A.B. asks: 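One structure, as structure tokens, below. Some questions next.
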Amino acid sequence: MPDYHPQDLDRKWQAHWAEHQTFEVTEDPSKPKFYCLEMFAYPSGHAHVGHVRNYIIGDVVARLKRLQGFNVLHPFGWDAFGLPAENAAIQSGIHPETSTLGNIAHMKGQLQRLGISYAWARELTTCLPDYYRWNQWLFIRMFERGLAYRRRSTVNWCPVDNTVLANEQVVDGACWRCGTVVEQKDLEQWFFRITAYADDLLGSTDGLAQWPEKVLTMQRNWIGRSDGARVTYPLADLPGGIDVFTTRIDTIFGATFVLLGPEHPLVQTFADLADDPNRFREQVSRFRGQDRSARISGEVEKEGFFTGQFAINAFTNERVPIWVANFVLGEYGTGAVMGVPFGDQRDFEFARKYNLPIRAVIRPAEGRTPDVDAMSEALPDEGVLVNSGGYDGVPSAEARRRLTAEAEARGIGEGTVQFRLKDWGISRQRYWGTPIPMIHCPQCGVVPVPDDQLPVELPKVAQFSGRGDSPLASVPEFVNVTCPMCGGAARRETDTMDTFVDSSWYFYRFADAHNDQKPFEPGKVAYWCPVDFYSGGVEHAILHLIYSRFFARVFRDLGMVDHSEPFTHLLTQGMVLKDGAVMSKSKGNVVDPDTMLRKVGADALRLYVMFVAPPEKEVEWTDTGLDGSYRWLGRVWRIAEQWREEAVSASGHRQPAAAIDHGALSPDERAIRRKTHDTIRRVTQDVDVRQQMNTAVSAMMELVNDLYAFTEKGARTAQAGMVAAEAIESLVVMLSPFAPHTAEEIWERYGHVGGLAKAAWPTFDPDVARAETIVVPVQVNGKVRGRISVEPGATDAEMEALALADPAVRPYLKDREVTKVVIAKGRLVSMVVR
RNA sequence: GCGAAAGUGGCGGAACUGGCAGACGCGCCGGACUUAGGAUCCGGUAGCCGCAAGGCUAUGGGGGUUCGACUCCCCCCUUUCGCACCA
């Protein structure tokens with residue numbers, strides 16, 4: 001018997017797959033398609049097992065689906081633009097392209113050594129012009145439709161990375177990448193109008209039945225829809241008014257003041273009219289400085305000051321004071337709110353602090369109007385209106401409808417919807433990204449680069465100073481252009497796009513990766529997309545996954561794709577921890593896949609990562625667990641070798657099951673067949689339906705254990721050989737998604753030609769899988785007292801009779817009265833005695 | 001503070017619609033085979049009591065529903081992850 005040498009098998013079969021292009025595919029309308037995708041990789045240099053876990057999960061699914069007869073697209077690519085390469089270039093002087101392409105070559109080798117079944121012919125790299133030109137093409141389409149626009153705005157600025165961050169990239173007031181506290185800065189920026197799709201993106205989340213609820217919740221919260229009303233408070237002593245947004249117009253009779261955020265435009269007007277304009281402005285700029293970053297370090301105290309101006313509450317006709325408050329957000333709603341201290345905790349604290357009036361306007365449906373002086377906190381609950389003019393006695397919900405209608409009728413407001421989601425700022429003052437294909441002409445304004453001049457290539461030479469200005473601005477031959485409209489001298493846009501643009505549509509490009517006429521042929525995308533199975537880390541639950549859903553809608557509205565949701569089934573895999581911590585170079589706890597490959601081969605690593613826990617769970621890496629998987633593969637190898645001769649000769653290596661006369665088998669042979677077919681049932685269910693790879697592996701381990709016992713005690717007849725061959729061949733096919741190299745080798749040694757690419761996933765015979773007799777526990781007063789053996793089809797009466805007659809049970813029934821018998825068919829008999 | 005998920009042996013985990021808790025693996029203990037084994041094969045392994053048959057206790061804690069609860073309901077504790085002045 002040859003020994004098990006996994007490293008040799010890795011080399012042999014990886015070469016075989018490459019030579020035969022086993023995993024390359026074309027559209028084939030005669031076969032059902034399956035698009036299996038893992039989030040592509042940022043080429044940081046080295047893959048660690050945490051990354052690799054994701055690719056193995058996807059590979060198990062892809063290989064399963066191939067065996068099930070699907071035409072499987074399983075591609076891979078590189079999210080190759082981004083700051084780390086540019087930052088490294090500032091330090092090392094090595095050009096980002098050089099380092100990035102080098103990293104890609106290395107990591108590609110790592111993935112190939114793991115035997116991941118990618119269609120490498122479709123590999124894409126976002127930093128190459130044949131990819132990013134289509135970012136530019138799409139940008140122009142979006143510009144033409146008003147979905148890309150430019151405006152001056154206060155942006156999140158990371159002073160370390162020297163660039164703008166999208167709201168989604170600000171985590172706890174700090175840069176998501178380097179953790180530096182984010183500053184606010186006013187800049188001319190390009191935006192994508194994702195808010196145009198806010199309602200669509202939100203509403204469609206209900207249809208994403210195969211997404212984790214956690215991710216959907218996060219997206220819903222992020223989009224943050226609020227239904228309410230915009231109401232105008234006319235200024236008492238000046239022309240104009242203040243619009244506020246409220247979700248509780250039913251409390252408007254309790255609005256005893258109006259609050260402006262420090263960013264509100266009227267603040268400047270009021271400052272000019274103030275008794276002490278300088279002091280006014282000082283306080284405003286102090287509030288603005290507090291903003292985001294200050295708030296993260298615990299609660300910032302609520303404070304404000306009176307502007308000296310009044311507004312009119314159009315429902316009470318009262319003059320209410322206008323204050324500036326530090327807790328009112330300039331960017332949300334109208335940047336102003338009505339102060340209802342009775343129902344809003346923030347307003348309550350504010351009113352108590354500054355002695356502003358509090359008026360009770362809601363009472364509980366059953367109960368009395370609360371005593372305002374006795375309140376220690378706001379009462380936000382709904383109820384019935386009081387002290388509310390003609391609306392007294394009206395329930396909150398109804399009052400909101402009627403008050404909104406009245407506001408609309410009087411022309412002082414309207415029902416409206418607010419979203420927390422904001423437009424996506426995509427300008428980056430950096431080099432290593434897609435150039436924004438726009439030209440600034442003194443005559444014509446902002447003009448897109450004509451399509452036939454795309455791509456706007458990144459110039460190879462650039463200074464990596466790390467200063468805050470765009471590096472491209474220092475390349476005159478890039479900047480100085482002629483205007484495509486008037487032919488006059490003009491300047492090229494020197495900002496680049498956020499790299500999240502690259503990853504928002506790459507999954508479509510895989511369907512037609514080398515098209516040099518358009519981003520993709522719609523027919524090809526219509527065949528392959530949407531992605532049937534998408535896996536990656538939860539850290540992308542908001543950013544990447546919401547942007548991709550946005551882009552899918554943009555392509556849909558361009559008439560290029562026929563669906564709205566790009567990913568049908570999403571799996572968020574857990575992280576791999578070492579010593580209780582996330583792997584990172586700085587912690588020195590990185591597990592390098594190459595080391596493991598040298599030690600135990602690709603299959604043991606793959607198997608271990610799948611066996612250790614369900615895919616969504618975090619796992620703690622242990623070397624001993626890896627050794628266990630290696631040992632088990634050796635066990636599979638040896639049991640297969642033990643039956644090889646019988647299997648090859650007895651079956652003629654085709655359909656061994658067909659030659660088996662089940663009724664003529666010995667009890668042991670029938671038992672191992674039953675185990676074989678039940679294992680097929682379990683593994684299929686676990687891998688295909690539940691994605692519980694760990695229990696699929698344990699089911700296969702049980703079968704192997706039984707096979708050893710069978711081999712130990714059974715006679716080696718031709719009949720036994722057929723039964724064993726059926727078991728082992730089924731096992732090998734089911735194992736092949738997890739341990740493809742070992743499985744291919746055994747398959748070949750069993751006489752099969754053409755590799756597992758020609759094999760089919762095994763099917764089970766329910767009659768064989770079903771046990772001939774089942775052992776059913778008998779409970780007396782909730783405790784198991786005996787066991788009876790029954791046939792699967794036994795009736796309740798038969799089961800009850802057997803249970804009552806069981807010698808182990810009878811002592812517990814002696815001198816007692818059986819008051820109740822419950823029978824769970826085929827599962828258990830339960831008796832209550834007194 | 002709000003929201004979500006999760007708490008099961010020494011460890012990772014299993015238990016699918018409420019039906020034998022601890023599958024499978026790691027680790028540990030023992031045996032066989034061996035010059036040897038850190039290879040391989042076989043067996044044992046939740047805790048407590050008992051020579052044994054067997055019994056009792058156990059799924060974070062406390063209640064409840066049920067013939068029967070890891071699973072359903074209520075309260076509490078802990079952990080993890082999101083969001084965090086969104087009017």
Side-chain angles (χ1 to χ4, degrees), chain A residues 3 171-173 212-222 224-226 228 244-248 251 255 259 261 295-296 299-300 302 325-329 331-340 343-347 349-350 380 418-422 538-539 541-542 574 607-608 611-614 616-629 631-632 634-635 638 682 685-686 689-690 692 694-705 708-709 711-712 775-784 786-787 819-833:
Chain A
D3 285 343
V171 178
D172 290 342
E213 197 53 42
K214 175 193 173 78
V215 173
L216 294 177
T217 305
M218 282 166 71
Q219 292 212 352
R220 288 182 190 123
N221 291 342
W222 192 261
R225 180 186 163 114
S226 292
V244 303
F245 173 74
T246 178
T247 55
R248 291 298 302 273
T251 62
L259 299 174
R295 291 180 191 147
I296 56 162
E299 296 272 312
V300 167
K302 290 175 181 44
N326 64 343
F327 62 90
V328 176
L329 302 171
E331 75 240 24
Y332 185 78
T334 62
V337 298
M338 63 185 200
V340 184
D344 184 282
Q345 183 60 23
R346 294 156 297 183
D347 297 347
E349 289 170 26
F350 198 78
Q418 277 294 327
F419 292 96
R420 189 184 169 282
L421 182 72
K422 292 174 190 62
V538 240
E539 66 272 21
I542 295 175
L607 189 76
Y608 167 63
F611 176 59
V612 68
E616 329 78 59
K617 278 205 65 154
E618 271 183 2
V619 297
E620 171 74 25
W621 177 269
T622 60
D623 286 342
T624 50
L626 180 67
D627 294 343
S629 293
R631 281 200 297 270
W632 184 72
R635 253 169 97 73
R638 285 186 296 274
R682 286 171 63 189
Q685 172 77 11
D686 285 350
V689 182
R690 304 203 306 154
Q692 300 291 293
N694 54 329
T695 49
V697 175
S698 39
M700 290 189 278
M701 288 173 167
E702 286 183 41
L703 176 60
V704 170
N705 289 346
Y708 269 86
T711 305
E712 174 118 328
V775 177
V776 170
V778 180
Q779 291 185 350
V780 179
N781 287 349
K783 292 204 186 300
V784 178
R787 287 163 216 288
T819 56
K820 189 168 184 181
V821 179
V822 178
I823 295 177
K825 227 179 190 24
R827 289 187 175 274
L828 151 145
V829 178
S830 178
M831 291 185 279
V832 187
V833 302

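Remember, it's a predicted structure, so these values are computed and weren't measured experimentally.
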A.B. asks: In this structure, which stretches of RNA chain B are paired as stems of three or more consecutive Watson-Crick or G-U pairs, both distances less than 3.5 Å?
C.D. replies: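 Stem list for RNA chain B: B:1-7 with B:77-83, B:10-12 with B:24-26, B:27-32 with B:40-45, B:46-49 with B:54-57, B:60-64 with B:72-76.
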A.B. asks: Whole angstrom is fine here: how far is it from CG in A:Leu607 over to C1' in B:C26?
C.D. replies: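 Atom CG in A:Leu607 sits about 14 Å away from atom C1' in B:C26.
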A.B. asks: Any Lys/Arg nitrogen of A:Asp686 or A:Arg690 sitting under 4.0 Å from an Asp/Glu carboxylate oxygen of the other?
C.D. replies: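 Looking at A:Asp686 and A:Arg690, the cut-off is met.
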A.B. asks: Quick one: label A:Tyr708 by what it contacts on the DNA or RNA (base, sugar-phosphate, nothing), any heavy atom closer than 4.0 Å.
C.D. replies: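 Sugar-phosphate, backbone atoms only, no base.
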A.B. asks: Base, sugar-phosphate alone, or nothing: which one does A:Gly628 contact when heavy atoms must sit under 4.0 Å apart?
C.D. replies: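 Contact class for A:Gly628: sugar-phosphate only.
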A.B. asks: Which listed nucleotide (B:G68, B:A23, B:C83) is nearest to the side chain of A:Ser698?
C.D. replies: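 So the nucleotide nearest the side chain must be B:A23.
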A.B. asks: Give the B/S/- string for nucleotides 11-17 of chain B, one per nucleotide from 5' to 3', where a protein heavy atom under 4.0 Å of the base yields B, of only the sugar-phosphate yields S, and otherwise -.
C.D. replies: -BSSSS-
A.B. asks: Among the candidates B:C42, B:C56, B:A84, find the nucleotide nearest to the side-chain atoms of A:Arg420.
C.D. replies: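 Looking only at heavy atoms from C-beta outward on A:Arg420, the closest nucleotide is B:A84.
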A.B. asks: Could you work out which one of B:C86, B:G19, B:C24 sits closest to the side chain of A:Tyr332?
C.D. replies: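 Nearest to the side-chain atoms of A:Tyr332, counting from C-beta on, is B:C86.
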A.B. asks: Give the nucleotide from the list B:C26, B:G25, B:C20 with an atom nearest to the side chain of A:Asn705.
C.D. replies: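 It is B:G25.
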A.B. asks: Measure from the side chain of A:Lys214, starting at C-beta and using heavy atoms only, and say which of B:C81, B:A87, B:G19 lies closest.
C.D. replies: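 Nearest listed nucleotide: B:C81.
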A.B. asks: A:Thr217 side chain: which of B:G3, B:C86, B:G19 is closest?
C.D. replies: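 Nearest listed nucleotide: B:G3.
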A.B. asks: Would you indicate what A:Asn781 reaches in the nucleic acid, counting non-hydrogen atoms under 4.0 angstrom: base, sugar-phosphate, or nothing?
C.D. replies: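 Here A:Asn781 touches no strand at all.
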A.B. asks: Compare the minimum distances between each of B:G19, B:A87, B:U40 and the side chain of A:Leu329, then state the nucleotide with the smallest one.
C.D. replies: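 Of the options given, the side chain of A:Leu329 lies nearest B:A87.
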A.B. asks: Check every strand shown and say whether A:Glu702 touches a base, only sugar-phosphate, or nothing at a heavy-atom separation below 4.0 Å.
C.D. replies: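 Here A:Glu702 touches the backbone only, sparing every base.
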A.B. asks: Within the 4.0 Å heavy-atom criterion, would you say A:Arg635 contacts the bases, only the backbone, or no part of the nucleic acid?
C.D. replies: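 Contact class for A:Arg635: sugar-phosphate only.
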A.B. asks: Is A:Arg420 positioned over the aromatic face of A:Tyr332, cation under 6.0 angstrom from the ring centre and no more than 45 degrees off axis?
C.D. replies: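 Cation-pi check for A:Arg420 and A:Tyr332: fails.
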